[in-house]
Engineer: 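Take a look at this one; I'll ask things after.
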Amino acid sequence: MITLTELKLAARLARRELRGGIRGFRIFLLCLALGVGAIAAVQSVAGGIQRSLVQDGRAILGGDASVRVLYREATADQRRWLESQGTVAVTADMRAMARKATDQPGANADPGKTDLGASGLVELKAVDGRYPLYGRLTLTDGGSDVQGRLAARDGVFGAFVDDTLATRLSLKTGDRLTVGDATVEVRGIIDHEPDKAGSGSIALGPRLMVAMDALPATGLVRPGSLVNWSYQLRLPEGTDAAAWAKTVDKTFPDAGWRVRDFTNAAPQLTRFIDRLAQFLTLVGLTALLVGGVGVGNAVRSHMDASVHSIATLKCLGSPARLIFQVYLLQILALAGLGIAAGLALGAVLPLAAGRALAGLLPITAEIGVYPGRLALAALFGLVTALVFSLWPLGQAQGVPAARLFREGSAGRRGRPPAWVLAALAWLAAALGSLAVLTSVDQKLAAFFVLGAGATLLLFLGAGTGITRLARLLPRPRRPALRLALTNLHRPGNLSGMVVLSLGLGLTVLVAVALIEGNFRREVGESLPANAPSFFFVDIQPDQLDQFRQTVLAVPGAHDLETTPSLRGTIVRVEGKPAQEQVHDPDKKWVVNGDRGVTYQAQAPAGDKVVAGAWWPADYSGPPELAISKDVAQAFGIGPGAHMTLSVLGREIEAEVAVVRDLDFTTLGINFTLVMSPGVLEHAPQTHLATVRAPAEDEAAIQRAVISAFPNITAIRVKEALATVSTIIVNIGMAVRVVAAVTLVAGTLVLAGAIAAGHRRRVYDAVVLKVLGAARVTILRTFLIEYGALGLVTAAIAGALGTLTAWAVLTKVMNMKWVFLPETLALTALLSTAITLALGLVATWRALSQPAAPLLREE
Amino acid sequence: MSLVQSALELNGLTLTLESAAGRVNILKGIDLSIQAGERISIVGPSGSGKSSLMMVIGGLERPTGGTVTVAGQTLNSLSEDHLARFRRDHVGIVFQSFHLMGAMTALENVALPMELAGEADAFERARDGLAAVGLAHRLDHYPGQLSGGEQQRVALARAFAPRPRLILADEPTGNLDHDTGEQIIRLMFDQARRHGTTLILVTHDPGLAARCDRTIRLADGRVVEDTAVARAAPGEQKGAD
């Protein structure tokens with residue numbers, strides 16, 4: 001039992017020992033500060049975003065609760081019921097094409113007088129007179145009178161556009177836009193749209209906001225149009241919104257509503273931020289682990305330097321336990337200092353990151369100090385520092401007091417006592433558990449922890465392996481080569497340290513670079529070859545023939561494909577409610593809301609059938625279904641199973657005929673649910689179309705379609721991909737920054753280790769100079785040593801990083817894997833360059849030392 | 001003699017250590033009895049086992065065979081921590097290289113063993129101890145700021161301040177010039193006499209050995225000579241002390 005008096009004495013002695021300064025602990029402090037700083041920064045930013053999501057939940061959702069329904073408005077009965085529950089604001093979202101009108105000012109757009117070049121895809125949002133129920137929509141000119149400005153003046157409705165649209169179409173207040181069949185006047189540039197994050201879908205275009213009363217004039221809302229209707233409610237004071245949301249599902253179980261309350265305003269964003277924060281925290285933890293190696297080195301050096309103090313304390317009657325306490329308290333104090341610096345860094349960095357994030361996220365992160373999250377970063381730092389310090393601390397208490405009488409009697413360092421080893425195992429387990437328990441995806445975190453641990457051990461083993469191998473190799477005849485080889489395995493060699501310091505950081509960097517490279521390839525490089533140029537949505541059945549003619553009349557347009565498009569929900573599988581039949585939780589999305597449904601007579605070209613067979617081309621029997629592999633896996637079903645779909649309120653039971661493997665990467669038209677002919681032909685529907693064209697003809701196609709069919713929305717695949725690609729690039733940047741911290745930590749550790757070996761290097765250099773070796777020979781010797789170590793580290797890190805990237809891409813993300821040799825080559829170059837540069841600096845310093853003083857001293 | 005309490009009893013003491021060259025027998029059966037208050041010098045050529053004998057007596061090295069009894073306590077069976085406490089309570093050690101704690105002031109160095117023993121008046125006694133060796137004006141100096149002789153005086157004060165029964169001194173003047181060494185010896189003998197402390201010192205200096213009550217000569221791990229030195233004349237003793 002440790003007494004308070006004992007602790008006080010240990011603290012007093014620890015404080016006195018630290019008077020000598022903390023020079024030897026610079027790397028220790030930097031490593032901890034970096035690792036803790038990375039985690040603290042990630043956690044602070046995530047905390048800021050989550051706080052915004054919670055604090056502004058009502059504004060983000062647009063109400064205490066919201067009911068969303070795709071494709072159709074609420075019925076009169078449903079609407080009456082909603083009105084009876086509280087104040088209701090209605091909004092409608094859809095994608096549409098907007099054009100800048102040139103006949104300004106004028107009442108109605110005349111397509112003949114419209115500048116068709118100045119047009120683009122927009123996210124159109126119509127808002128009613130109560131919008132917004134919560135929060136404020138503000139405009140760049142400071143205005144916020146939504147209703148007043150959007151209302152019709154002289155027969156022309158107002159519109160708000162966001163800055164991107166204003167720039168893209170060169171719009172200013174007072175300019176006119178046509179959207180569908182309507183012309184609206186720009187009456188403000190949106191500065192802040194309170195419920196933007198709550199929409200839940202990726203915005204492919206900039207915002208265009210109009211009054212709900214202007215929507216009918218656009219002619220865009222037709223049967224089958226992809227419109228998201230949202231009913232935002234302000235519930236009576238004191239209503240439990242979460243409980244209310246649950247009752248709605250029970251009141252209207254078959255309405256196909258998505259009900260949310262303000263406590264969960266933007267679940268997709270929340271999930272995304274949670275996962276990204278987890279991933280970045282784990283990468284930050286890697287930096288901390290790499291830094292831990294530096295922490296361990298610093299503690300080992302400190303304990304080596306303290307051998308006499310420890311032996312003296314023992315001679316004076318200090319028990320081993322007190323000595324352990326003294327040095328543990330020192331390490332804890334220093335760790336506290338490093339952690340504090342890291343926390344300060346982590347709290348300040350988000351201020352800078354906050355500005356960058358403002359443009360990337362639909363909400364403003366509440367940058368601030370989040371004690372809970374900073375505490376987590378601190379805890380990671382503290383446990384890591386202890387894990388890496390305990391071994392040398394435990395060894396030190398075994399220093400014999402006789403050391404003072406007999407120099408060098410301590411000999412080789414022994415193993416720490418059993419209780420220290422037990423504490424070490426416990427702390428390592430605690431660190432791993434902390435990483436797993438604080439993660440949203442605990443399975444992934446557990447894999448990470450095991451992987452990181454195994455990687456550390458592997459690099460530790462590799463260091464030993466290199467030493468042994470170098471010892472076994474035959475001695476080369478050339479002196480420089482022979483010396484370099486000897487340096488790899490001589491007592492006190494740096495081989496293990498170089499491999500361990502750089503290895504983990506490089507592995508993370510290789511893995512991240514390969515994963516990101518594969519992502520970018522997927523969206524940016526591999527697609528244009530076979531992807532269509534345009535997607536056209538909301539084509540009405542009566543427009544289909546004319547649409548075909550219009551598009552194909554443009555030179556260069558080819559491969560026009562059209563497909564009917566309906567929306568339906570899976571309500572029952574084998575007669576039981578579909579929600580209860582989901583076997584695979586990862587595929588729960590198939591029952592969340594509507595899915596696209598189409599019908600066709602025969603299999604598309606190149607279709608991959610997993611099980612069953614398509615119906616014959618002239619099939620006219622009872623309804624059959626072709627389902628995607630995902631749907632089959634979600635319910636654990638195959639051909640012969642029965643599914644009931646609800647399409648526009650009509651329930652259709654069909655037998656599964658075929659299970660297909662869909663390749664979404666082609667960006668062609670793919671439906672997870674395809675019905676056999678003869679069932680859906682007369683249901684209200686729209687059509688989708690894709691067309692291919694050379695890049696130079698794309699503008700002509702867009703002009704032709706927009707001028708003839710104002711209601712049809714053209715999505716240019718390249719632009720949509722660029723939007724997605726920007727998101728990936730930004731995420732990739734965040735990941736790379738954190739991964740780079742790992743490499744910086746590794747470089748610091750390596751620099752520290754090389755500095756520790758400086759005396760040995762100076763001695764070698766002096767002796768070699770005395771024996772007549774030219775400086776260039778000595779330089780060559782050291783460069784061969786470091787170059788070899790750098791290359792070996794790169795080889796192992798390259799192999800491990802590639803394995804990790806392959807596993808993440810193919811097993812976790814179910815993506816195609818492409819090996820990118822240039823990424824790997826770059827890593828090898830980086831690793832060798834870092835080791836060579838550090839080795840060169842150290843060697844140069846060693847070579848600059850005059851020989852005489854050292855020889856006199858020795 | 002029966003009136004004088006035995007301070008140290010060694011019976012059949014052997015010490016064998018492992019080295020790179022194999023097992024080395026350092027001490028080969030030593031029997032020794034030292035009375036309280038005696039001043040003993042241990043002499044002998046390098047490698048004869050002098051320092052090893054000191055280490056065994058101080059509980060810093062465990063004997064391979066035989067028994068060691070110091071101040072009525074048999075050390076053989078004590079654990080590492082019990083041995084540390086035994087040293088804290090009964091033994092003061094003076095080294096050739098001083099071995100002061102570099103990060104602590106002179107006062108803190110002297111107070112340290114008493115702090116370890118949990119004594120409340122550690123600093124007052126340390127102050128007195130330093131005054132007794134003539135360093136009252138150097139209390140807040142760090143070892144690096146003191147001369148070799150001053151450092152050894154601090155080490156003496158550290159060894160004597162807790163009033164141990166036994167002082168072990170390993171070549172206490174080995175790193176000092178003649179005059180400074182002389183001062184240190186005078187101080188050491190004076191302190192030992194004043195507190196009735198048993199003093200065992202290892203030395204190569206025949207002059208210093210001659211000033212002790214008894215000289216034990218070691219060779220190849222054995223006691224080859226155990227001579228009681230004739231008491232010096234009062235005048236000379238005064239000079240020596």
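Residue numbers begin at 1 in each chain, while the letters A, B, ... track the order of the sequences.
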Engineer: About how many Å separate CD of A:Gln325 and CG of A:Leu332, when rounded to the nearest 0.5 Å?
Structural biologist: 11.0 Å
Engineer: Please look at B:Met104 and chain A and tell me whether the side chain, the backbone, both or neither of the residue comes under 4.5 angstrom of a heavy atom of that chain.
Structural biologist: both
Engineer: Minimum heavy-atom separation for A:Leu9 and B:Glu115, please, with both atom names.
Structural biologist: CD2-O, 3.6 Å
Engineer: Side chain from CB out, backbone as N, CA, C, O: work out which of these in A:Leu18 comes under 4.5 Å of a heavy atom of chain B, or both, or neither.
Structural biologist: neither
Engineer: Under a 4.5 Å heavy-atom cut-off, does chain B meet the side chain of A:Ser318, its backbone, both or neither?
Structural biologist: both
Engineer: Tell me whether A:Arg321 is salt-bridged to A:Glu6, with the criterion being a basic N under 4.0 Å from an acidic carboxylate O.
Structural biologist: yes
Engineer: May I ask you to check whether A:His302 and A:Gln330 show a side-chain donor-acceptor distance below 3.5 Å?
Structural biologist: yes
Engineer: A:Val36 and A:Ile339: which non-hydrogen atoms are nearest, and at how many Å?
Structural biologist: CG1-O, 3.9 Å
Engineer: Let me know which of B:Leu13, B:Ile26, B:Ile57, B:Leu218 forms a side chain to side chain contact (heavy atoms under 4.5 Å, CB included) with B:Ser52.
Structural biologist: B:Ile26
Engineer: Identify which of B:Leu100, B:Asp81, B:Leu83 forms the greatest number of heavy-atom pairs closer than 4.5 Å to chain A.
Structural biologist: B:Asp81
Engineer: Relative to chain A, which segment of B:Phe86 carries a heavy atom at a distance below 4.5 Å: side chain, backbone, both, or neither?
Structural biologist: neither
Engineer: May I ask you to name which of A:Leu322, A:Thr5, A:Leu13, A:Thr312 has the most heavy-atom pairs under 4.5 Å with chain B?
Structural biologist: A:Thr312
Engineer: At under 4.5 Å between heavy atoms, what parts of residues 153-164 of chain B are in contact with chain A? List them by residue number.
Structural biologist: B:Arg158
Engineer: Would you check if the side chain of B:Glu108 reaches a backbone N or O of B:Thr105 as a donor-acceptor pair within less than 3.5 Å?
Structural biologist: yes
Engineer: Which bit of B:Ser97 comes within less than 4.5 Å of chain A, counting heavy atoms only: side chain, backbone, both or neither?
Structural biologist: neither
Engineer: Checking heavy atoms, do the side chain of B:Leu112, its backbone, both or neither come under 4.5 Å from chain A?
Structural biologist: side chain
Engineer: Less than 4.5 Å apart, any side-chain heavy atom of A:Leu393 and any of A:Val420?
Structural biologist: no
Engineer: Does NE2 in B:His195 sit with more than 12 non-hydrogen atoms of other residues, nucleotides or ligands closer than 6.0 Å?
Structural biologist: yes
Engineer: If you compare all heavy atoms of B:Ala103 against all heavy atoms of A:Arg16, which two are closest, and at what distance to 0.1 Å?
Structural biologist: CB-O, 3.1 Å
